[in-house]
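These notes are about the structure you will find just below.
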2 protein chains.
Amino acid sequence: MNADALRGHMDALLLSVLEREPLHGYAIIEALRERSGGVLDVPSGTVYPALRRLERAGLLAGEWASDGGRRRRTYRLTDAGREELAGERSAWRSFTTAIGRVLDPLN
Amino acid sequence: MNADALRGHMDALLLSVLEREPLHGYAIIEALRERSGGVLDVPSGTVYPALRRLERAGLLAGEWASDGGRRRRTYRLTDAGREELAGERSAWRSFTTAIGRVLDPLN
DNA sequence: AGTGTATATGTAGGCTGTCTATATATAGAC
DNA sequence: GTCTATATATAGACAGCCTACATATACACT
């Protein structure tokens, strides 16, 4: 998976894995790997700053928790985050349609 | 269309529109707009440097021509460019599959 | 007790491709 | 003579993803 290909789609991915239940960063990385069939292996240096960015934007709400001695920051979708996710899904569809039309060898 | 979303997919788009016939930069921009149903309106400041980059990489071959007093640089796919296009199409399929799985609300 | 691996978060700095804004020049319509 | 379309190109800004590194706990194994 080329790194540049992810540009501009990371937000949608992060919001999407948080749709069903709140998760912390490390669990999000694993969820992305599993749900993509092993294709997406996003480094922590990408995910943690992105989560902070989405929190600053009001799309996620983060909260510190402890499991034994380990600190975790668990993120959940805000209402604004849910709206944003819907918009991202719509944008993804029109994006793939547009690129797909150009790449279609029948053209 | 968000600018970042295109990152990493521009090469595939450019190679793809040149698959059937050689075109010059301006015509490529129009072809992208038409074939995407008006969604892709890529500025010249993106396309011309990208074409040079692909030429340097040996994927395109450019040649100056004149239509009346206007100078045009017409690009055609090289053999390496055709191979690259096949790879880009394959990468596009696995990319959309992976992202689509994560974005799928059924997950 | 010490080593190694998995879990867990985070920062600094680099890279690169896309964008905006600008410049140049010809052709043709009005 | 002016405006728009055609045609190419560069400079510099910007943003986000990356690598590499730093820190710390839990747990298995020796």
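Note that the structure is a prediction, hence the values are computed from the model and not measured. A, B, ... follow the sequence lines: proteins, then strands. Residue 1 opens every chain.
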### Message
Applying salt bridge (charged side-chain N to carboxylate O under 4.0 Å, His left out), can you list everything that pairs with A:D67, at least two apart in sequence or on another chain?
### Response
A:R72

### Task
Using salt bridge (charged side-chain N to carboxylate O under 4.0 Å, His left out) as the criterion, list what pairs up with A:E19, not counting sequence neighbours.
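Scan of A:E19 (salt bridge (charged side-chain N to carboxylate O under 4.0 Å, His left out), adjacent residues dropped) gives A:R89.
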
### Query
In Watson-Crick or G-U wobble terms, both distances under 3.5 Å, what is the partner of C:dA25?
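Base-paired to D:dT6.
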
### Message
Students should find this one: the first and last nucleotides of DNA chain D, 5' to 3', lying under 4.0 Å from a heavy atom of chain A. What are they?
### Response
D:dA15 to D:dA26

### Task
Would you please classify the geometry between the A:H9 ring and the B:F95 ring as parallel, tilted or perpendicular, with 30° and 60° separating the classes?
perpendicular

### Strand contacts (DNA chain D) in residues 84-98 of chain B, 4.0 angstrom heavy-atom criterion
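When residues 84-98 of chain B is checked for heavy atoms under 4.0 Å from DNA chain D, there are no hits whatsoever.
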
Which residues pass the side-chain contact (heavy atoms from CB on, under 4.5 Å) test with [X], not counting sequence neighbours?
X	answer
B:A65	none
A:S94	none
A:T97	A:R101

### Summary
Quick tally for nucleotides 9-19 of chain C: nucleotides whose base has a protein heavy atom under 4.0 Å get B, sugar-phosphate-only ones S, the rest -, giving BBB----BBSB

### Query
Of all residues at least two apart in sequence or in a different chain, which pass the side chain to side chain donor-acceptor pair (under 3.5 Å) check with B:R7?
A:D4

### Task
Applying ring-ring contact (aromatic ring centres under 6.0 Å, His included), name anything that partners A:Y75, two or more places apart in sequence or on another chain.
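A:Y75 satisfies ring-ring contact (aromatic ring centres under 6.0 Å, His included) with no other residue.
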
#### Entry: Partner residues of A:H24 under the ring-ring contact (aromatic ring centres under 6.0 Å, His included) criterion, sequence neighbours left out
none

Would you mind writing out the side-chain donor-acceptor pairs for residues 35-46 of chain A within the sub-3.5 Å range, not counting sequence neighbours?
| residue | atom | partner | partner atom | Å |
| --- | --- | --- | --- | --- |
| A:R35 | NH2 | B:V102 | O | 2.5 |
| A:S36 | OG | A:L32 | O | 2.8 |
| A:S36 | OG | A:R33 | O | 3.2 |
| A:S36 | OG | A:V39 | N | 3.4 |
| A:S36 | OG | A:L40 | N | 2.9 |
| A:D41 | OD1 | A:R33 | NH1 | 2.7 |

